[in-house]
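Here's the structure, in structure tokens; my notes come after.
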Amino acid sequence: MGISRKRPVFLSADWHNLLFANYTVSPSLLGPLVPDGTQLDLWNGSCFISLVAFQFQNTRVLRMPALMNRDFDEINLRFYVKRTLANGDVRRGVVFIKEIVPSRLIAWVARTLYGENYVALNMAHEIQTDHEGPRMVSYSCGEKGPCNRFSATVPTASLIPGPTTLESYITEHYWGYSETGAKGTVEYEVEHPQWPVHQVSEYNIDFDFQSLYDARYAFLSESSPTSVFFCTGSDVTVRWGTKV
């Protein structure tokens with residue numbers, strides 16, 4: 001049997017100060033968005049959608065430092081799928097509904113090379129730290145100004161989530177999938193170590209999901225997430241995609 005070769009590295013960066021808000025939703029909400037060749041990946045029979053905000057830092061494309069916008073914020077809305085290979089192995093991945101960044105150039109590159117739904121909006125963040133690390137983290141975005149805000153108070157304690165926990169399920173999908181029209185489904189690998197998790201109980205999510213995403217997500221503005229947590233993050237590698 002031949003050895004599977006990894007695809008070349010397209011992008012590497014540091015992902016830091018990640019906030020996750022995870023909502024339980026009906027599978028019917030996401031069914032039309034599931035890329036060909038994949039299926040929804042449930043956790044204990046429940047379907048999840050996540051709002052994720054974080055910092056991209058030290059971005060390198062094709063192993064070269066990005067000439068512009070090496071450091072920037074991203075806020076994305078995503079859900080979870082899996083693809084079963086011919087040999088029975090399962091690849092668990094993420095599908096992005098929309099990814100918000102502050103740069104039109106970054107958005108254009110991501111749309112062109114990966115078919116991802118990136119858009120550029122005004123963005124801002126605030127990170128308050130002490131000697132033990134972040135204590136308050138806030139991200140905001142908006143078309144005319146950063147009026148949609150996701151913030152949290154981060155406790156000191158963290159833990160490595162167990163393999164059957166919701167936190168492990170959310171953070172350990174190491175593939176990305178996008179459906180690019182006539183090109184079909186593109187699959188790409190995302191590599192990072194397992195992240196320790198800080199459970200968050202004090203947070204605020206003031207997002208107009210309808211205007212940022214679509215009317216079908218308007219209910220999230222009035223919904224409480226099933227869980228909110230924080231990860232310090234790490235270096236991340238994204239490999240070139242391939243059609244599946």
Side-chain angles (χ1 to χ4, degrees), residues 13-25 29-30 48-57 59 69-80 94-107 110 116-130 132-158 166-167 170-171 195-234 236:
D14 299 328
W15 288 0
H16 285 309
N17 297 318
L18 298 98
L19 281 179
F20 295 80
N22 311 295
Y23 299 81
T24 307
V25 299
L29 174 71
L30 303 173
F48 281 87
I49 193 171
S50 297
L51 179 70
V52 185
F54 64 103
Q55 293 177 291
F56 246 102
Q57 296 180 342
T59 305
N69 302 112
R70 292 191 66 192
D71 301 335
F72 55 92
D73 298 340
E74 177 175 316
I75 298 174
N76 64 60
L77 189 65
R78 71 187 206 177
F79 66 95
Y80 306 93
V94 170
V95 177
F96 295 99
I97 295 170
K98 182 180 287 186
E99 295 164 272
I100 300 170
V101 292
S103 163
R104 288 191 178 95
L105 177 60
I106 294 168
E116 296 285 12
N117 185 20
Y118 268 78
V119 299
L121 295 178
N122 294 305
M123 302 188 73
H125 71 263
E126 182 181 0
I127 313 291
Q128 296 179 4
T129 63
D130 60 23
E132 294 180 321
R135 283 296 164 264
M136 195 286 290
V137 179
S138 174
Y139 295 94
S140 53
C141 67
E143 185 172 352
K144 296 182 179 180
C147 55
N148 299 279
R149 188 167 184 261
F150 180 13
S151 61
T153 300
V154 180
T156 302
S158 67
L166 174 61
E167 293 78 15
I170 294 294
T171 60
W195 291 331
V197 168
H198 301 248
Q199 294 289 353
V200 168
S201 58
E202 297 181 26
Y203 64 88
N204 180 66
I205 303 173
D206 184 10
F207 258 67
D208 185 346
F209 283 90
Q210 178 169 330
S211 65
L212 284 174
Y213 301 104
D214 189 275
R216 77 190 77 176
Y217 307 109
F219 73 97
L220 292 174
S221 295
E222 307 300 327
S223 301
S224 296
T226 303
S227 77
V228 177
F229 60 82
F230 170 88
C231 296
T232 300
S234 68
V236 174

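Residue numbers start at 1 and run along the sequence shown.
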Q.
Checking S227 against N22: is there a side-chain donor and acceptor pair closer than 3.5 Å?
A.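 Their side chains do contain a donor-acceptor pair, which is all the 3.5 Å distance test asks for.
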Are [X] and [Y] close enough that some pair of their side-chain heavy atoms sits under 4.5 Å apart?
{"X": "W15", "Y": "V52", "result": "no"}
{"X": "Y118", "Y": "N76", "result": "no"}
{"X": "L18", "Y": "E74", "result": "no"}
{"X": "T156", "Y": "R135", "result": "yes"}
{"X": "F219", "Y": "V25", "result": "yes"}
{"X": "Y213", "Y": "L51", "result": "yes"}

Q | Pair F150 + Y139: ring centers closer than 6.0 Å | A |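 Not under 6.0 Å, so no.
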Q: Verify, without hydrogens or angle tests, whether H16 (side chain) and G233 (backbone) share a donor-acceptor contact under 3.5 angstrom.
A: no
Q. For the residue pair K144 and N122, what are the closest heavy atoms and their distance?
A. C-ND2, 3.7 Å
Q: Of all the heavy-atom pairs spanning L121 and G142, show the shortest one and how long it is.
A: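 Looks like CB-O, 3.6 Å.
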Q: Anything under 30° is parallel, anything over 60° is perpendicular, the rest tilted; go ahead and classify F20 against W195.
A: tilted
Q) Using 30° and 60° as the class limits, which term best fits the ring planes of F209 and F207: parallel, tilted or perpendicular? A)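 F209 and F207: tilted rings.
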